[in-house]
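As C-alpha cells, the structure follows; a few thoughts come after it.
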Amino acid sequence: MKILYQFANGEISEIEVSDELGELLLGLDRQEYNNDHRETRRHVSLDGMDYEGALFAADGDTADQAALNMELDSLRRAMVVLSPRQRDLVRKVYFEGRSIAAVAREEKVDESSVRERLRHIYKKLKKFLE
C-alpha cells in the first residue's frame, strides 16, 4: 500500500508500506480528523479570526482602553455624590451631547445658570476624585 506523507517543511513524499501498517495509519488519520471535527464544533478556532479585527485589539489600544475604563469607573463611582438633578444635567450635556443653550431653553433658565451648575458639579467631582 502506498501512502502520502507530508513533512514539516511542506515536502510531500509517497511511501510504500505494508497493508497492515497502511490500514493502521489510515485509522489513525480518521481518528485525528474525528477528534479535530468534534473540537471545532464546540470551540472557535483562533486561526479563523481576523487578528487585528474587531475580536482583538491592537497592543497599544489595550492599555489606553484599560486606562479609559478605569477613569470611567471612577467617574461612575463619583456620580453618587451628585444630586439626581445634577446627574440629569451631566447626562444631558455629556452623554446625550446636548448644548448648554439647548438645556437652558428646555429648563427655561438662563445659560449662565446652567454653566454655574456645571461649574459646581466639576468642583464636587474634583473633590471626590482627589
Side-chain angles (χ1 to χ4, degrees):
M1 170 183 259
K2 291 185 180 184
I3 62 166
L4 292 177
Y5 181 80
Q6 183 174 1
F7 292 92
N9 64 4
E11 181 183 333
I12 298 176
S13 178
E14 190 174 53
I15 302 172
E16 180 74 36
V17 295
S18 68
D19 288 341
E20 184 178 301
L21 184 57
E23 292 298 322
L24 177 65
L25 289 172
L26 288 175
L28 289 173
D29 284 345
R30 185 66 190 168
Q31 184 179 5
E32 181 180 12
Y33 171 81
N34 289 342
N35 287 341
D36 289 345
H37 182 70
R38 181 178 19 197
E39 289 301 313
T40 55
R41 286 185 296 139
R42 284 184 269 181
H43 306 289
V44 176
S45 171
L46 294 178
D47 294 335
M49 293 182 184
D50 180 15
Y51 190 74
E52 291 295 330
L55 295 175
F56 295 100
D59 290 338
D61 295 342
T62 305
D64 294 340
Q65 187 63 41
L68 178 63
N69 287 345
M70 288 173 53
E71 289 175 4
L72 287 174
D73 189 45
S74 297
L75 182 59
R76 281 188 204 102
R77 285 188 307 236
M79 293 289 282
V80 299
V81 300
L82 301 177
S83 70
R85 187 170 177 225
Q86 289 172 327
R87 282 194 297 265
D88 187 50
L89 179 60
V90 169
R91 180 184 50 80
K92 288 176 183 177
V93 173
Y94 293 103
F95 296 107
E96 294 176 5
R98 295 190 201 172
S99 68
I100 292 174
V103 172
R105 277 193 306 270
E106 178 185 314
E107 295 181 1
K108 297 180 179 140
V109 296
D110 194 46
E111 287 181 43
S112 62
S113 67
V114 175
R115 282 191 182 86
E116 184 62 29
R117 285 172 43 207
L118 284 171
R119 192 176 64 72
H120 184 70
I121 291 169
Y122 298 148
K123 282 183 178 180
K124 211 172 190 182
L125 291 175
K126 184 176 180 183
K127 185 177 179 182
F128 181 84
L129 292 171
E130 288 179 338

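Here, residue 1 is the first one in the sequence, and each next residue gets the next number.
- Here the shortest heavy-atom pairing between Ala102 and Ser99 reads N-OG, 3.0 Å.
- Legend: residues meeting salt bridge (charged side-chain N to carboxylate O under 4.0 Å, His left out) with Arg30, ordered by chain and number and at least two apart, are absent.
- Atoms CG and CD, from Leu28 and Glu23 in turn, are 11.5 Å apart once rounded to the nearest 0.5 Å.
- Between atom OG of residue Ser83 and atom NZ of residue Lys124 there is a gap of 5.5 Å, rounded to the nearest 0.5 Å.
- Under the 4.5 Å side-chain heavy-atom criterion for Ile, Leu, Val, Met, Phe, Trp and Tyr, Leu21 and Leu4 are members of distinct hydrophobic clusters.
- Note: the hydrophobic cluster containing Met70 does not contain Leu68 (ILVMFWY, side chain heavy atoms under 4.5 Å, direct or indirect links).
- Separating the CG atom in Asp29 from the CG atom in Leu24 is a distance of 9.5 Å, to the nearest 0.5 Å.
- Nearest heavy atoms, Met79 versus Leu125: N-CD2, 4.4 Å.
- Here Glu96 pairs with Arg91, Arg98 under the salt bridge (charged side-chain N to carboxylate O under 4.0 Å, His left out) rule; sequence neighbours left out.
- Side-chain contact between Val90 and Gln86: absent, with no pair of heavy atoms (C-beta onward) separated by less than 4.5 Å.
- Between Met1 and Leu25, every side-chain heavy-atom pair lies at or beyond the 4.5 Å cut-off.
- The closest donor-acceptor contact from the side chain of Glu11 to the backbone of Gln6 lies at 3.5 Å or more, if one exists at all.
- Side-chain atoms of Tyr94 and Leu118, non-hydrogen and from C-beta on, do get closer than 4.5 Å to each other.
- At least one side-chain heavy atom of Arg87 sits less than 4.5 Å from a side-chain heavy atom of Pro84.
- The CG atom of Leu82 lies 11.5 Å from the CG atom of Asp88; values are rounded to the nearest 0.5 Å.
- Side-chain contact between Leu89 and Arg85 is absent, with no heavy-atom pair separated by less than 4.5 Å.
- In summary, the side chains of Arg115 and Ser112 do not present any donor paired with an acceptor at a separation below 3.5 Å, with no hydrogens or angles considered.
- Atom NZ of residue Lys123 and atom CD1 of residue Ile121 lie 12.5 Å apart, to the nearest 0.5 angstrom.
- A continuous path of ILVMFWY side-chain contacts below 4.5 Å connects Phe95 to Ile100, so both sit in one hydrophobic cluster.
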